[in-house]
J.: 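Following this message is one structure expressed as structure tokens.
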Amino acid sequence: MTTEALNIVDQRTNVAYALPLNKGTIRATDLRQIKTGPEDFGVMSYDPAFLNTASCQSAITFIDGDKGILRYRGYPIEQLAEKCTFLEVAYLIIHGELPTESQLKTWVDDITHHTMLHEKTKEFLQGFNHDAHPMGMFISTVAALSTVYPEARNVHDPEVRKLQIRRLIGKVPTIAAYTYRHGLGYPYIYPDNELSYTENFMNMLWRMVEPKYRANPALSRALDILFILHADHEQNCSANVMRAVGSSQADPFVCTAAAAAALSGPLHGGANEEVLKMLDEIGTKDHVPAYIQQIKAGHGKLMGFGHRIYKNYDPRARIIKWAADQVFLTTGRNPKLDIALELERIALEDEYFIKRKLYPNVDFYSGIIYQALGFKPDIFTVLFAIPRTVGWLAQWQEMLQDPEQKIARPRQIYTGYPERNYVPIEKRTGQALAAGG
Ligand code: ACO
């Protein structure tokens with residue numbers, strides 16, 4: 001029981017209220033008792049874009065944006081990136097604890113045996129245009145899995161949920177690899193169950209006529225680390241979509257597709273693609289100062305910079321920079337890195353960026369690694385969506401098990417017309433609202 005309270009005096013009525021405080025938070029519904037009379041709906045809080053609203057209680061991921069801290073289930077991201085495999089971290093995020101050796105073996109085996117796609121789903125993918133954006137293909141195909149596994153709608157059955165979680169984690173790399181090969185016109189490659197999660201993904205991406213694909217260990221480890229870094233990030237835009245769509249009890253495939261759609265936007269996961277476009281546009285290091293001036297003058301944003309929560313260096317960006325160096329030992333240095341480093345150096349010394357606490361985020365360096373690995377920018381966000389599927393599913397499961405959660409349904413402040421009478425068509429003026437009509 002909480003003993004702390006926030007005292008509020010309503011100046012309209014002079015009535016005082018003591019709103020209980022729990023972990024520094026008041027319940028928005030407690031504001032409803034603050035009324036001017038029985039007809040009054042009560043006070044609401046107004047928070048466009050959720051700048052200061054906790055939508056849930058969560059035990060999955062902890063971020064301290066001022067200190068640059070990120071932890072999954074209490075474990076610092078740096079330790080997980082150094083010591084774990086991605087599937088070990090996926091187990092941790094979904095189950096809450098690191099797996100024992102036998103738990104990990106069963107988990108890896110389960111995920112590995114769910115990597116195949118139904119042949120009809122493969123045909124579905126073949127129906128896309130040769131130049132379809134991979135993210136559009138990814139979102140649609142994940143949603144289409146809902147038609148293959150109709151039992152997934154039974155979201156309150158823990159066993160059904162468990163199976164869909166394994167299916168989704170197993171199948172997203174396969175879908176991602178197919179979207180990649182589709183664009184190149186290459187035949188789809190079936191999963192190889194003898195390989196690790198990341199090696200198998202590389203096999204499905206890059207195997208040609210050789211009988212067995214052998215991944216470069218340094219590159220597969222770098223990709224595994226990138227997957228660990230992207231696995232969850234508490235209540236970001238796409239996790240919020242996952243929870244909101246899931247709150248209507250839709251199945252996890254369509255929920256994941258909706259979350260992936262949110263991720264695809266350039267202000268969220270789509271930023272990694274935009275960073276590479278930006279580095280291309282800048283072209284050479286000596287153009288960096290002029291580009292920064294342009295941003296400061298209000299022409300666009302520095303993509304891969306800034307974060308709603310991190311107001312200090314994004315800890316993932318630091319690890320990615322390290323992983324980039326490991327990749328470049330094998331692939332050779334991506335010349336874009338020099339432009340990125342110069343951009344970071346100048347931006348971090350500049351008053352505009354210092355004042356607004358704008359630092360490189362996870363997307364700033366990830367694209368440079370992806371490009372060095374041979375990916376084109378339009379697939380970058382799909383590479384983000386593979387590991388983030390784990391985070392989305394953990395958030396979805398936590399939401400379904402939380403007795404306080406209901407269908408997500410925000411309030412609004414209505415700003416439209418009061419009641420008015422129907423106007424016959426011949427009397428209408430044709431004037432429409434300015435935007436979008
Ligand atoms: N470049 C230049 N200026 C910026 C940038 C940027 N990348 N980001 C924010 N600003 C400025 C804003 O213009 C604003 O300035 P003002 O106070 O003069 O108006 C100020 O910094 C605050 O920015 P907001 O937009 O209010 O910050 P918000 O928390 O809403 O946005 C966001 C965060 C969307 C990440 C933003 O920083 C951005 O658009 N960054 C570029 C896109 C990007 O890299 N997204 C990836 C984020 S990480 C992820 O989703 C995986």
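Worth saying up front: this structure is predicted, and the values here are computed from it rather than measured. Both counts, for ligands and for their atoms, begin at 1 and track the order of listing.
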J.: Check the pair Lys376 / Asp378 against salt bridge (charged side-chain N to carboxylate O under 4.0 Å, His left out), numbers first and verdict last.
T.: CA-CA 6 Å; Lys376 290 214 206 92; Asp378 64 359; over 6 Å; no
J.: With a cut-off of 4.0 Å, which atoms of ligand 1 are near a heavy atom of Ile295?
T.: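 Those of ligand 1 that fall under 4.0 Å from Ile295 are 2 (C).
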J.: Could you report the tightest heavy-atom contact between Lys311 and His307, atom names first, then the distance?
T.: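 Distance-wise, the nearest heavy atoms are NZ-O, 2.6 Å.
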J.: Can you confirm whether the side chains of Trp206 and Tyr180 place a donor and an acceptor under 3.5 Å from each other?
T.: yes
J.: For atom 9 (C) of ligand 1, which protein heavy atom lies nearest, and how many Å away is it?
T.: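 Going by distance alone, atom 9 (C) of ligand 1 is nearest to Leu358 CD2, 3.5 Å.
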J.: What protein heavy atom is closest to atom 35 (C) of ligand 1, reported as residue, atom name and distance in Å?
T.: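 Atom 35 (C) of ligand 1 sits closest to the protein heavy atom Gly306 O, 3.6 Å.
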J.: Considering only protein heavy atoms, determine whether one is less than 4.0 Å from atom 21 (O) of ligand 1.
T.: yes
J.: Judged on heavy-atom distance to atom 45 (N) of ligand 1, which of Asp363, Ile309, Leu263, Leu267 sits nearest?
T.: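 Going through Asp363, Ile309, Leu263, Leu267 one by one, Leu267 has the nearest heavy atom to atom 45 (N) of ligand 1.
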J.: Which heavy atom of the protein is the closest neighbour of atom 43 (C) of ligand 1, given with residue, atom name and distance?
T.: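 In this structure, atom 43 (C) of ligand 1 has Ala271 CB, 3.5 Å as its nearest protein heavy atom.
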J.: Looking only at protein heavy atoms, which one is nearest to atom 39 (O) of ligand 1, and what is the separation?
T.: Lys301 NZ, 2.9 Å
J.: With Phe253, which residues qualify under ring pair (Phe, Tyr, Trp, His ring centres under 6.0 Å), at least two apart?
T.: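 Expected list: Tyr149.
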J.: Under 4.0 Å, heavy atoms only, figure out whether ligand 1 is touched by the backbone of Phe364, its side chain, both or neither.
T.: neither
J.: Between His230, Glu78, His233, which is the residue that forms a side-chain contact (heavy atoms from CB on, under 4.5 Å) with Arg316?
T.: His233
J.: Which of the numbered atoms in ligand 1 are under 4.0 angstrom from any heavy atom belonging to Gly304?
T.: 43 (C), 44 (O)
J.: Is it the case that Ser247 and Gln405 place a side-chain donor and acceptor less than 3.5 Å from each other?
T.: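 Side chains of Ser247 and Gln405: no pair found under 3.5 Å.
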J.: Among protein heavy atoms, which lies nearest atom 30 (O) of ligand 1, and at what distance?
T.: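 It is Arg308 NH2, 3.0 Å.
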J.: Heavy-atom contact check, 4.0 Å cutoff: does Asn236 meet ligand 1?
T.: no
J.: Looking only at non-hydrogen atoms, which of Leu302, Val275, Asp314 approaches atom 6 (C) of ligand 1 most closely?
T.: Leu302
J.: Starting from atom 50 (O) of ligand 1, what is the nearest protein heavy atom, named by residue and atom, and what distance separates them?
T.: His268 ND1, 2.8 Å
J.: Between the candidates Arg388, Arg356, Lys311, which shows the shortest non-hydrogen contact distance to atom 16 (P) of ligand 1?
T.: Arg356
J.: Are Lys357 and Asp66 close enough for a salt bridge, meaning some N to O gap below 4.0 Å?
T.: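 Salt bridge absent between Lys357 and Asp66.
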J.: Give the single entry among His307, His299, His230 that approaches atom 48 (S) of ligand 1 most closely by any heavy atom.
T.: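 That would be His307.
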J.: Quick test: of every protein heavy atom, which one is nearest to atom 3 (N) of ligand 1, and how far off is it to 0.1 Å?
T.: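 It is Tyr352 OH, 3.1 Å.
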J.: What I want to check is whether the side chains of Asp402 and Gln57 have a donor and an acceptor closer together than 3.5 Å.
T.: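 Looking only at side-chain atoms, Gln57 and Asp402 do not form any donor-acceptor pair under 3.5 Å.
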J.: Verify the contact flag for atom 28 (P) of ligand 1, where contact means a protein heavy atom under 4.0 Å away.
T.: yes
J.: Is it the case that ligand 1 has an N or O less than 3.5 angstrom from some N or O of Phe305?
T.: yes
J.: Against Leu168, only a single residue in Thr256, Leu163, Ile175 fulfils side-chain contact (heavy atoms from CB on, under 4.5 Å); can you say which?
T.: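 For Leu168, the side-chain contact (heavy atoms from CB on, under 4.5 Å) test succeeds with only one of Thr256, Leu163, Ile175, which is Thr256.
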J.: Can you label the angle between the Tyr178 ring and the Tyr188 ring as parallel, tilted or perpendicular, going by 30° and 60°?
T.: parallel
J.: Sorted by first residue and then second, give each side chain to side chain donor-acceptor pair (under 3.5 Å) pair with at least one member in residues 263-284; sequence neighbours left out.
T.: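 Those involving residues 263-284 are His133-Glu273, Asn236-His268, Ser238-His268, Asn272-Thr381, Glu274-Lys277, Asp280-Lys336, Thr284-Asp286, Thr284-His287.
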J.: Please state which protein non-hydrogen atom is closest to atom 42 (C) of ligand 1 and give its distance, to 0.1 Å?
T.: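 Ranking protein heavy atoms by distance from atom 42 (C) of ligand 1, first comes Met303 CE, 3.5 Å.
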J.: Does a donor on one side chain sit under 3.5 Å from an acceptor on the other, for Gln397 and Arg161?
T.: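 Short answer, yes.
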J.: Could you tell me if any non-hydrogen atom of Phe384 lies under 4.0 Å from any atom of ligand 1?
T.: yes
J.: If I apply the N/O under 3.5 Å rule, does Arg316 come out as touching ligand 1?
T.: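 Not met; the criterion fails.
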J.: Quick check: Phe380 with Phe375 (ring centres under 6.0 Å apart)?
T.: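 No, the ring centres sit 6.0 Å or more apart.
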